[in-house]
Amino acid sequence: MALTMLAPSRTSTSSSSSNVNPYPQVTRQNTFSSSDGTRSARTSKRYSVTALYMSMHAHDKDIEIEDDLARVQKTLRDLKAKISSQSKKNFVLEKDVRYLDSRIALLIQNRMALEEQNEVASHLEDSVEILEGTFPSDQKTQQYGNLFFLLQSEPRHIAALCRLVTMAEIDALLQTVMFTIYGNQYESREEHLLLTMFQSVLSAQFDTTPEYSSLLRANTPVSRMMTTYTRRGPGQSYLKTVLADQINSLIEHKDLNLEINPLKVYEQMIKQIEEDTGTLPSNMPRGISAEEAAENPQVQAIIEPRLTMLMKIANSFLTTIIDNLNETPYGIRWICKQIRSLTKRKYPDAKEQVICTLIGGFFFLRFLNPAIVTPRSYMLVDGMPSEHPRRTLTLIAKMLQNLANKPSYAKEPYMASLAPFVHHNKARINKFLMDLCEVGDFYESLEMDQYVALSKKDLELSITLNEIYTTHQLLEKHAKELNKAQDVSHLNVLLAELGPAPAQVPRKENRVITLPLYSRWESAIDDLTAALDITQEDVCYMEAKSTFVQLLRTLPATSPAVRKPLNLTKIADTAAKMRDMGMFRKGMRALELLEQLRDLGVATDQDGYLLLREEVEQELVHLGSLKDKVVEETKKLDEVYKTIRDHNTYLVGQLETYKSYLHNVRSQSEGKQRKQQKQTVLGPYKFTHQQLEKEGVIQKSNVPDNRRANIFFNITSPMPGTFVISLHYKGRNRGLLELDLKLDDLLEMQQNGQDELDLEYVQFNVPKVLTLLNKRFARKKW
Amino acid sequence: MSSRGTRREYNIVVLGAGGVGKSCLTAQFVQNVWIESYDPTIEDSYRKVIEVDGRSCVLEILDTAGTEQFTAMREIYMKTGQGFLLVYSITSLSTLHELTDLRDQILRIKETDHVPIVIVGNKSDLEEDRAVSRNRAIHLSQSWGRVPFYETSARKRQNVDEVFMDLCRQIMRNEAVLDETRSERSEKKPLGKKKGFCLIL
Ligand SMILES: Nc1nc2c(ncn2[C@@H]2O[C@H](COP(=O)(O)OP(=O)(O)OP(=O)(O)O)[C@@H](O)[C@H]2O)c(=O)[nH]1
Ligand SMILES: [Mg+2]
């Protein structure tokens, strides 16, 4: 949200960064870090208060600002909300697909008993949009509202829980934590609370790991948590920015072989010779050792240029990554920063290299490299890369990983040929990893956000019954350990009141609940002055400033009052004379504030309130550039939203495929018992070459361009799960080719990563065919 | 030299959670070296010629990533692998739990229950940190139909050769059976039926 963006005009000029990051780097002056505990000069406090006022008055119902900035900000807010809710949907769908992936494979192999088939079917049947609902009693609503307020505002509880749960429990917990409790991915308060939670989880991890070499290495709930975090909106858009173009241009070159393992090169070489000549020369035996292969001059000659090429490619990956330092999501950089400071604290003599290795262990190993080696799982590419590019990508990832770690070539000696890459870039990468950590802390603004949240009084959470119950169950299950760890008296009171955790409800009965959050222990703050420990003058000054900014944003552009140089009294007067009640009240208030400032001796009308006027003007300039930034950010987030929606389409398509497959299997086995029902034939449906090409169904065509317009396809489904595709040439009666297809076969191909369906003249893309068939031949009857 | 041509080649895949010692185990076996440092693996491949029961064979060993973010790569390994070392660390129970999913995935991809597998409990030198009892692993091995189980120490080079040899023997025994099923499957009809095309564009 706009809180930090609206930050003080005086410092903003120096801190205005041009990135998409909604949390611009806070200047030192404006921050106090928790580690040294010292508060910076009192001025900083005042700036934060400005921010606070600005943000609070943005919620002002008195007048609604409707300038361009307000409009683009609204668009951006809506977009962010959509991304947050869509990525949650995807997370849930992904879980379903993962579950069905394994089930379907068993089905394909006919290894599933009938009851289990039914269970899978019911799982699928129920996966519909969850309906809205409410708790039967207000009391439960209140109790859970209080519980989730506590969980949200005191991240330590969730942090403790994350460390206690098993791998089997973590996914359910993460869904609730990352996509619901802190689900608003672009809301700084929720983001900051989530990061605070990370911090305590990480620091516990450092405390319990005996030596740094094994730090953050095992697959634990903590590592799952970090990865899930990287897959939220900002992480996704970053990966797309830095990797998508690079990877896509690489995989276009399907035949580019950059294998440098001498053994593999040698084998490929003799295979080629054998194919070309039909025999194998006697001086080229099979099954030679790695050393022999490496010494073979022909092998060396093949490898030499490949090394150069690989280093060039890896270098361009690296350069893009480094150049995009500022695009790296704040939260990810902040995690890097925590890793650095925890390492320094726990191991005071740790060398920079050790710290870099640990940061690299997160940033490269868990974030970038997985996306490089399996780009399809990250929606960076459309299809599965073919063999050669896949190997190249693996080599690139290995090179980057070697950079971040201290490389040892003991394992694969041939990697030593790439040592120059490591050598040349070592300093560069270490600097980059250190630069990643250079982001401001957020504690002060978080403190502020918390106050704002409390004063807003309308916090709520959109959460499902099952999310509530799972969380409740986990708290209950781990209550004993939670109690050992820290003070949980409030938590205990709430859990005692709630009683035993209810069981999960069946999917059909699951509901989305809008849970109003409140706390019985903290009353909403009315007196901010007291709460924030600031003086009357400060408050008055800030309110005056924000009031004038609002007035200026609301007054018509034609009004003489907005002309520069500004005359504050004239502005207030003009507003106070307007008919609009909101403006009238604001105008009166502005006049009142000016008077108070005079009385307090903070400003004088002798110089036309010079200081205040200047600050108001600067703020307006700042808001002007803010608009451009907001527009730019909106553009980028539009892209992200599109990716997330594409992914959603893909997941939904996958589920649909499984549905029809299952339907098919079941109707077949039913058919054995009952008489075969009369089946209606669907189709034929006609598709032109052009149409299928556009939809990506045809991924390769041997049909000459000038003939394509004459080619069309007919697809018929004589019974569920069976399709006949025929290829026709305009004006001819008989088809050129006919293909019987069973859904099972297509699914099996997909399971095996086989993307091509060969139709002689054209090649179909298997996943795209599946999508097409599902769309066209959906047989309702579930 | 000509005997080389007749050597059998076997693909072995080393799987298991991050940090359990897959790479150390493999490096000890292949190169007789102990690696103290910890470089997380993305994918490394090795070759070693060994003598098993008088027959010389070439082992192609793929050392994989334990880091869970790389799981999407597994599918391909499992397809090409003929035998699997499933490694956990005796100092961490959750690493043993991770083996179950791995085995399920292997059986699914291989479409058979007879896949050569050895369960390996590594870091046996760290007795004082033991978190997985032998019994626990033996129990797992029995529930999988008596899959061979060893405790190893890559650091002390204990039982290292044994696990690879055992796996190799299993693959050899399995070979005949596998060959049969494979030829059966290749007789299975190819995808769909194409019929009647009569015009060249
Ligand atoms: N004490 C002891 N330590 C071991 C043993 N095997 C490995 N280690 C240590 O455990 C750490 C990790 O070993 P690796 O072989 O790199 O682990 P890995 O399973 O390959 O890990 P990934 O590649 O990330 O999946 C290293 O620091 C090793 O020194 C062992 O048998 N005993
Ligand atoms: Mg390894």
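Chain letters run A, B, ... following the sequence lines, proteins first, then strands; residues in each count from 1. The structure presented is a predicted model; accordingly, all values stated were derived computationally and were not measured.
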Query raised in the report: What residue, out of A:Pro370, A:Ser282, A:Ala371, has the most heavy-atom pairs lying under 4.5 Å from chain B?
Result: A:Pro370
How far does [atom1] of [X] sit from [atom2] of [Y], to the nearest 0.5 angstrom?
X        : Y        : atom1 : atom2 : value
B:Thr41  : A:Lys411 : OG1   : NZ    : 4.5 Å
A:Thr357 : B:Tyr38  : OG1   : OH    : 12.5 Å
A:Glu267 : B:Glu9   : CD    : CD    : 5.5 Å

Report task. Please list, in residue-number order, every residue in residues 160-169 of chain B that has a heavy atom less than 4.5 Å from any heavy atom of chain A; write 'none' if there are none. Result -> none
Query raised in the report: Is it the side chain or the backbone of B:Gln105 that comes within 4.5 Å of chain A heavy atoms, both, or neither?
Result: neither
Query raised in the report: With only heavy atoms counted, which part of B:Gln31 is less than 4.5 Å from chain A, the side chain, the backbone, both or neither?
Result: side chain
Report summary line: Heavy atoms of A:Asn261 and B:Ser45 approach each other most closely as ND2-OG, 3.2 Å
Query - Minimal non-hydrogen separation, B:Gln69 against A:Tyr378, with atom names - result: O-OH, 4.2 Å
Report task. Start with the C-alpha distance between A:Arg391 and B:Glu43, add both sets of side-chain angles, then the distance that settles side-chain contact (heavy atoms from CB on, under 4.5 Å), and finish with yes or no. Result -> CA-CA 10 Å; A:Arg391 174 67 180 154; B:Glu43 174 189 297; 3.4 Å; yes
Report task. Using a cut-off of under 4.5 Å on heavy-atom pairs, state which of B:Asp44, B:Ile76, B:Thr71, B:Val58 scores highest against chain A. Result -> B:Asp44
Report task. Flag the one option from B:Met73, B:Glu60, B:Lys48 with the top tally of heavy-atom pairs under 4.5 Å to chain A. Result -> B:Met73
Report task. Flag yes if more than 12 heavy atoms outside B:Gln142 fall under 6.0 Å of its CD atom; otherwise flag no. Result -> yes
Report summary line: If one checks every heavy atom of A:Ala397 against chain B at 4.5 Å, the contacting part turns out to be both
**Report entry** Side chain, backbone, both or neither of A:Arg376 within contact of chain B (heavy atoms, under 4.5 Å)
**Finding:** neither
Query - Backbone of B:Thr67 reached by a side-chain donor or acceptor of A:Arg366 within 3.5 Å - result: no
Query raised in the report: What residues of residues 398-405 of chain A sit under 4.5 Å from chain B when only non-hydrogen atoms are counted?
Result: A:Lys398, A:Gln401, A:Asn405
